Undergrad: 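Got a structure here, written out as structure tokens. Questions coming.
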There are 2 protein chains.
Amino acid sequence: MNIGNASERSGLPAKTIRYYEDIGLLKPDRADNGYRDYSMSDVHKLRFLQRSRGLGFSVEECRQLLALYEDKDRASADVKSMAQSKLQEVERKITELRELQHTLNHLVAHCHGDQRPDCPILENISGEA
Amino acid sequence: MNIGNASERSGLPAKTIRYYEDIGLLKPDRADNGYRDYSMSDVHKLRFLQRSRGLGFSVEECRQLLALYEDKDRASADVKSMAQSKLQEVERKITELRELQHTLNHLVAHCHGDQRPDCPILENISGEA
DNA sequence: ATAATCTTTCCAGTAACTGGAAGGTCAAGG
DNA sequence: CCTTGACCTTCCAGTTACTGGAAAGATTAT
């Protein structure tokens with residue numbers, strides 16, 4: 001599969017996909033003409049990168065998360081503890097997003113007039129409820 | 001409140017706080033000695049920025065979210081539609097995080113041996129369940 | 001008084017892309 | 001066969017969002 005196709009399926013720009021190859025996140029095959037040739041497994045990785053980057057994980061964290069799957073040399077205890085620490089981070093992010101969701105819902109519900117609503121969004125949004 | 005204190009309370013490095021001032025996200029008072037002087041409202045904004053940046057919103061999106069609260073000139077219909085579109089994005093992020101959470105939970109639960117677990121993390125993680 | 005710990009500005013460097021030029025490849029139409 | 005347009009390639013420069021460090025002024029602790 002060519003890069004344009006992989007781009008469509010993963011939601012990542014071709015530029016970014018090439019960049020991810022540059023920094024060693026994946027290494028697609030090359031066709032005889034020199035074109036990159038992406039497997040479904042490559043597309044899975046790209047889609048995963050697209051998601052996890054959008055969720056605020058750094059490229060290095062994404063590399064670790066990918067390694068959770070790929071690294072056959074790492075001992076299972078390490079994998080488990082890394083997964084657990086990422087899990088805590090995920091749970092924290094979910095909590096924060098729920099609070100933001102709550103605040104935005106409140107804003108949408110109460111903001112039907114033609115002037116600024118009278119709701120202290122920042123106090124809620126900044127997480128001190 | 002000095003920048004060190006605001007940094008502690010918001011979870012943002014002082015460097016980043018000064019940068020946010022440079023790009024116009026907030027404008028703290030100045031004390032007579034030239035030191036920046038942060039109000040509680042400033043700290044709320046910083047904490048909000050710390051969170052929403054960590055959740056994958058760009059600085060420009062954060063600027064818009066802050067504007068939802070602050071912009072007295074914008075018509076309420078605009079505020080509402082912007083809040084609604086951000087809300088959809090938040091809901092999508094929550095869904096994606098739940099899927100990642102599920103995958104990591106699975107990994108932690110089944111990964112008790114000393115070798116790589118036999119679970120197709122990437123297929124789950126890349127969102128094609 | 002002096003040392004340690006702030007704070008300031010400024011300038012340079014890094015991370016993670018993003019845009020654009022210059023050129024090679026491929027599939028479709030004349 | 002040839003050309004046109006949509007792909008693809010590499011390379012290099014620019015942007016966004018910080019981050020580190022120097023040089024110097026202010027504050028606090030002994």
Side-chain angles (χ1 to χ4, degrees), chain A residues 1-40 42-43 45-67 86 89 93 96 126, chain B residues 1-40 42-43 45-67 86 89 93 96 126:
Chain A
M1 174 191 322
N2 282 350
I3 198 169
N5 200 333
S7 166
E8 237 177 274
R9 290 178 194 236
S10 66
L12 287 170
K15 281 267 178 188
T16 303
I17 296 177
R18 291 194 196 96
Y19 172 71
Y20 285 164
E21 183 178 350
D22 281 353
I23 62 173
L25 287 178
L26 74 166
K27 26 195 171 2
D29 286 347
R30 291 286 177 140
D32 292 343
N33 57 15
Y35 286 16
R36 288 169 180 83
D37 183 20
Y38 294 89
S39 66
M40 282 315 290
D42 290 327
V43 173
K45 292 186 198 180
L46 291 170
R47 178 117 192 79
F48 167 69
L49 288 165
Q50 190 274 330
R51 286 186 156 221
S52 49
R53 288 289 296 127
L55 295 169
F57 290 99
S58 74
V59 165
E60 282 318 305
E61 289 174 313
C62 293
R63 195 191 297 275
Q64 289 178 6
L65 284 166
L66 278 181
K86 289 299 172 197
E89 210 174 327
K93 279 173 193 281
E96 290 177 1
S126 60
Chain B
M1 173 193 320
N2 282 351
I3 199 169
N5 199 334
S7 167
E8 237 177 276
R9 289 180 195 234
S10 65
L12 287 170
K15 282 268 179 188
T16 303
I17 296 177
R18 291 193 197 96
Y19 172 72
Y20 286 163
E21 184 178 348
D22 281 352
I23 63 173
L25 287 177
L26 75 166
K27 24 188 176 6
D29 286 346
R30 292 285 178 143
D32 292 344
N33 57 14
Y35 285 17
R36 288 168 180 83
D37 183 21
Y38 294 89
S39 66
M40 281 316 288
D42 290 326
V43 172
K45 292 186 199 180
L46 291 170
R47 180 117 190 77
F48 167 70
L49 289 165
Q50 190 273 331
R51 285 187 156 219
S52 48
R53 288 290 297 127
L55 294 170
F57 290 98
S58 74
V59 166
E60 282 318 306
E61 288 175 313
C62 292
R63 196 192 296 275
Q64 288 177 6
L65 284 165
L66 278 182
K86 289 298 171 197
E89 210 174 330
K93 279 172 194 278
E96 290 177 2
S126 60

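Quick caveat, the model's predicted, so the values are computed rather than measured. In what follows, every chain begins at residue 1, and chains take the letters A, B, ... in the order their sequences are listed.
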Undergrad: Measure from CG on A:Leu46 to P on C:dC17 and round the result to the nearest Å.
TA: 12 Å
Undergrad: Between B:Arg36 and C:dT7, does any side-chain N or O lie under 4.0 Å from OP1 or OP2?
TA: no
Undergrad: Please give, in whole Å, the distance from C:dA27 C1' to A:Asn5 CG?
TA: 16 Å
Undergrad: Looking at A:Arg18 and A:Glu21, is any side-chain nitrogen of the basic one under 4.0 Å from a carboxylate oxygen of the acidic one?
TA: no
Undergrad: Using a cut-off of 4.0 Å on non-hydrogen atoms, how would the nucleic acid contact of A:Ile3 be classed: base, sugar-phosphate, or nothing?
TA: sugar-phosphate
Undergrad: Of the candidate nucleotides C:dT18, C:dC6, C:dT25, which contains the atom at the shortest distance from the side chain of A:Asn33?
TA: C:dT25
Undergrad: Please report the distance, rounded to the nearest Å, between CZ in A:Phe57 and P in C:dA16.
TA: 14 Å
Undergrad: Using only atom types and a distance under 3.5 Å, with no angle test, would you say the side chain of A:Asp22 pairs donor to acceptor with the backbone of A:Tyr19?
TA: no
Undergrad: Can you tell me which nucleotide in C:dA16, C:dT8, C:dT18 comes closest to the side chain of A:Ser58?
TA: C:dA16
Undergrad: Pick the nucleotide of DNA chain D nearest each of B:Glu60 and B:Tyr35; which residue has the one closer to the 5' end?
TA: B:Glu60
Undergrad: I want to confirm an ordering. Mapping A:Asp32 and A:Thr16 to their closest nucleotides on DNA chain C, which one lands closer to the 5' end?
TA: A:Thr16
Undergrad: Less than 4.5 Å apart, any side-chain heavy atom of B:Tyr20 and any of B:Leu26?
TA: yes
Undergrad: Whole angstrom is fine here: how far is it from CG in A:Asp22 over to C1' in C:dT14?
TA: 16 Å
Undergrad: Over how many whole Å does the gap from A:Asp37 atom CG to C:dC26 atom C1' extend?
TA: 15 Å
Undergrad: Please list, in 5' to 3' order, the outermost nucleotides of DNA chain D lying under 4.0 Å from any heavy atom of chain A.
TA: D:dC7 to D:dC11
Undergrad: Select base, sugar-phosphate, or nothing to describe what B:Arg18 touches, counting heavy atoms under 4.0 Å on all strands.
TA: base
Undergrad: Looking at every non-hydrogen atom in both residues, tell me the closest pair between B:Arg9 and B:Arg47 and how far apart they are.
TA: O-CD, 3.8 Å
Undergrad: Which atom pair, heavy atoms only, marks the closest approach of B:Ile17 to B:Ala6?
TA: CD1-C, 4.1 Å
Undergrad: Salt bridge or not for B:Lys93 and B:Glu61, using N-O below 4.0 Å?
TA: no
Undergrad: Could you check how far CZ of A:Arg53 sits from P of C:dA15, rounded to whole Å?
TA: 13 Å
Undergrad: In whole angstrom, what separates A:Ile17's CD1 from C:dC17's C1'?
TA: 13 Å
Undergrad: Could you state the NZ-P distance from A:Lys15 to C:dG20, rounded to the nearest angstrom?
TA: 9 Å
Undergrad: Can you check whether A:Leu49 reaches A:Leu66 side chain to side chain, under 4.5 Å on heavy atoms?
TA: yes
